[in-house]
Amino acid sequence: MPLDGVLSRRLGQFCALLAMLVFFAAQLAGALLPVVPLFIAATAGGLALDLYLHHRQPRLLALLGRVRFDAPTRQLLRDILLVIGLVQIPGFDPLTETPLVTGLLLAYAAHFACQTAALVVRRDRSLPVVTRNVDVSALGLCPAPPRILARQPGRRLLVFMVPATAGLLVAAATADALWGVAGVGASLALFAGGALYTCTWLLPGRRAPGEQKVLDWLDGWLDGYRPTHGMYFSGGASSAYQANMWLSTLAALDGRPLLVLRERFMVQKIAATDVPVVCIPKVAHLMALERSTLRVLLHPANSGKTSQVLRIPSVKHAFVNHGESDKLSSCNPYAKAYDEVWVAGPAARERYQLADIGVEDRDVVEVGRPQLAPVLPGAGPPTGPWLTVLYAPTWEGWTDDPGNTSIMLAGENVVRALLADPGVRLLYKPHPMTGSVDVRAALADARIQAVIAEANAARAAGPDRERPGPQAAAEAARRAAELDELSAAVFRASADDVERMLLQGVPDPGWAVAVERAQAAWEEAYWASLPAWEHQTVTGPRPGLYSCFNQAHLLVSDVSSVVSDYLSSEKPYAVANTTGLSEEGFRAAYPTARAATILTPDAAGVPALLAAVRDPRLDTLAGARARLKRHLLGPSRPPSLERFQAAVRALGIRADERRARMAEAAAREPQQERAEEQLRERTRRELGDGPPGTAEENEDSVTA
């Protein structure tokens, strides 16, 4: 989010918090003085503000919850002040407060009973398996209780307390306690009814199936679907892109694909796909895959839970990685745990040989990068007034290596140097994990976004700064709405396991293709709705990195897989050198930079770089980029998807051969046991007709 957006959000939160404190102070003052109009207005305003914040400022409420000033505490304080105010009002009989206080206490007790029932129901509806794109009708699942009962305790308390608050305020205005009794009674009835209604989800007709029933269903579904190949993924919330980049490839392969996840939240993070998704959190349940027809699992990332699935001997495992770069993380020693390591081209093969981490060269298979099909080849230098530059720095990584990212040491210098050229239009797309390890990276990112916003403000004041008409913005909004509607069932954050499985059942035929087309249509409309001269900061998942590639004439990045992927277009690119190495040493250490312009941390080479992009005669690295592309990504013929398909087929044959050997060995075991039994029987007959003794006795007899 841009810096001005962050400041605006923080200012809004501060104003809301200040207003909340003012309402509480005014309610207290109105109760003690007493000033009935002030008392009534402050109480009603405080409750209305609380309800509004539940819709518009959930982050602020989460922050208040951390300091133990959550919704129950705020509502309890509001009700205490109400009781105090009623005592102070002239003409109100204090004795009538006894039923009011008793009713309020019973209402709070019913609220906690309702919350207890909601927790029990939510736990009951937590299944050992979560699926997407799978027919779960055989499980007899039922929809979840209303969200206000099942998953929104704070909002439920505030909403159900509205009658009580209204009744007490009318009682304060009229000095008639009957209004308060009626309001409190209505709130009590709402809480009690909500608790009873929630408990109906524990009855046999609505209760979720037990663990064993779900696991038996999973075995039956795997037997019916008979998956042939799949992808296994485990990771944090911000790492879903590592799996999403392989979804189209997984779906395009011949056979019946399967996506296996381990974290429940990851089911919602996976992008639109019609590939069946099965999330199996417990390792004991993961062994269901061993009993299936699954032959090959692809692994786009290493994780602590990867070792658990590698225990399944009937499945062959291939590490495909989520991107290739010259970083040490691209040659992790963990890779030797897989049956094969699949890489894009000869460069990665050489990288593993030089790393000497135990990966045998015979286990390395070159398959290309099939997911790079959307990246368009370069069309030459810019023909219009604007040269579009994409600055896409990677994140800081888990180590303190200064060469991991340029954002801290060179990012601001690079951006200022690019913005100094009046003909440059900058696209800034930082890595989604930027700042997750080092706060300096987050601060640098915020400064860069502020610089871009300042440059946009200055450029907008210049002459001839036309913007696309309202039709373009309307078209982009319409395309965005279509895309959101198509993928709405996929992304539902508040659903529980059962509801997700019901909402995300078998998609309509062609649904994934329709989403892909809607995504492409939205991207086209999105770029058309933006002024051609305006710099852009792209921090969300849309538009994607490859879409930004196609808009750019030049890439500036770090040593990362972004460089390798962009090189498929053969367009000019630059790599920032923040390692402290000389240019010659940097190129030698990082082969992906051999066809790049190397930028120092002060970004002094930016003007010459931009001149080379505008004038092909100054571009001395075009031939080097073509050669490096083949070295990094492999040959263009046969197509990468065909090579990938061949690798899947070959590894599947190895899995079948092993299963055949194991089946043959298992078939021989009964024969061997019968032969051994016959030998023991013959030995007993030779030793006598008596009952067989122990092994030691038989051995002594034979010796004698």
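All values below were derived from every heavy atom in this structure, side-chain atoms included, with hydrogens, water molecules and symmetry-related copies excluded. In this text, all values refer to a predicted model and were calculated from it rather than measured experimentally.
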If only atom types and distance count, is the side chain of [X] paired as donor or acceptor with the main-chain N or O of [Y] below 3.5 Å?
| X | Y | result |
| --- | --- | --- |
| R295 | P227 | no |
| R500 | V130 | no |
| D124 | P209 | no |
| D558 | T394 | yes |
| R587 | A593 | yes |
| W246 | N321 | yes |
| N133 | V275 | yes |
| S436 | M433 | yes |
| Q645 | D254 | yes |
| Q353 | A348 | no |

Over all heavy atoms of both residues, which pair between [X] and [Y] is shortest? Give the atoms and the distance, please.
| X | Y | result |
| --- | --- | --- |
| A596 | Y573 | CB-CE1, 3.0 Å |
| G585 | L581 | O-CD1, 4.1 Å |
| R369 | A344 | CG-CB, 3.6 Å |
| T405 | W395 | CB-O, 3.5 Å |
| S234 | S303 | CB-OG, 3.4 Å |
| T434 | D445 | CG2-CB, 4.2 Å |

Evaluate the side-chain proximity of [Y] to [X]: yes if any heavy-atom separation is below 4.5 Å, no if none is.
| X | Y | answer |
| --- | --- | --- |
| V278 | L218 | yes |
| R125 | D497 | no |
| E263 | K305 | yes |
| E211 | H285 | yes |
| R643 | P635 | yes |
| L651 | W342 | yes |
| L261 | I270 | yes |
| L298 | F644 | yes |

Quick one: do the [X] and [Y] side chains pair a donor with an acceptor below 3.5 Å?
| X | Y | answer |
| --- | --- | --- |
| S561 | S564 | no |
| S406 | Y391 | yes |
| H317 | E340 | no |
| R262 | Y232 | yes |
| D363 | Y352 | no |

Legend entry - Evaluation steps, side chain to side chain contact (heavy atoms under 4.5 Å, CB included), between F233 and N244: CA-CA 10 Å; F233 187 73; N244 287 334; over 6 Å; no
Euclidean distance, [Y] [atom2] relative to [X] [atom1], rounded to 0.5 Å:
| X | Y | atom1 | atom2 | result |
| --- | --- | --- | --- | --- |
| N550 | E523 | CG | CD | 8.5 Å |
| D274 | D508 | CG | CG | 11.0 Å |
| L486 | W511 | CG | CH2 | 8.0 Å |
| L289 | I312 | CG | CD1 | 4.5 Å |
| K629 | R625 | NZ | CZ | 11.5 Å |
| L427 | C548 | CG | SG | 6.0 Å |

Inset, instruction - List the steps and the verdict of side chain to side chain contact (heavy atoms under 4.5 Å, CB included) for L390 and Y428. - result: CA-CA 6 Å; L390 171 63; Y428 172 57; over 6 Å; no
Give me the ring orientation class for [X] and [Y]: parallel if the planes are under 30° apart, tilted from 30 to 60°, perpendicular past 60°.
| X | Y | answer |
| --- | --- | --- |
| Y241 | H431 | perpendicular |
| Y338 | F319 | parallel |
| F586 | Y590 | tilted |

Legend entry - CZ (R654) with more than 12 external heavy atoms under 6.0 Å: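 Yes.
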Inset, instruction - Evaluate whether atom CD of E366 has more than 12 neighbouring non-hydrogen atoms of other residues, nucleotides or ligands under 6.0 angstrom away. - result: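 Correct, the count exceeds 12.
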Legend entry - Stepwise side chain to side chain contact (heavy atoms under 4.5 Å, CB included) test for M266 and S239: CA-CA 9 Å; M266 191 61 70; S239 64; 4.2 Å; yes
Inset, instruction - Kindly indicate, with the supporting measurements, whether the criterion side chain to side chain contact (heavy atoms under 4.5 Å, CB included) is fulfilled by Q504 and V267. - result: CA-CA 10 Å; Q504 300 168 165; V267 177; 3.9 Å; yes
Legend entry - Among V556, V575, N577, side-chain contact (heavy atoms from CB on, under 4.5 Å) partner for L599: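 In the set V556, V575, N577, the residue that makes a side-chain contact (heavy atoms from CB on, under 4.5 Å) with L599 is V556.
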Inset, instruction - Quickly, which of V129, V136, D135 forms a side-chain contact (heavy atoms from CB on, under 4.5 Å) with M501? Name it, please. - result: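 The residue from V129, V136, D135 that satisfies side-chain contact (heavy atoms from CB on, under 4.5 Å) with M501 turns out to be V136.
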Legend entry - Sidechain N-carboxylate O distance under 4.0 Å for R542, D484: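 Salt bridge flag = yes for D484 with R542.
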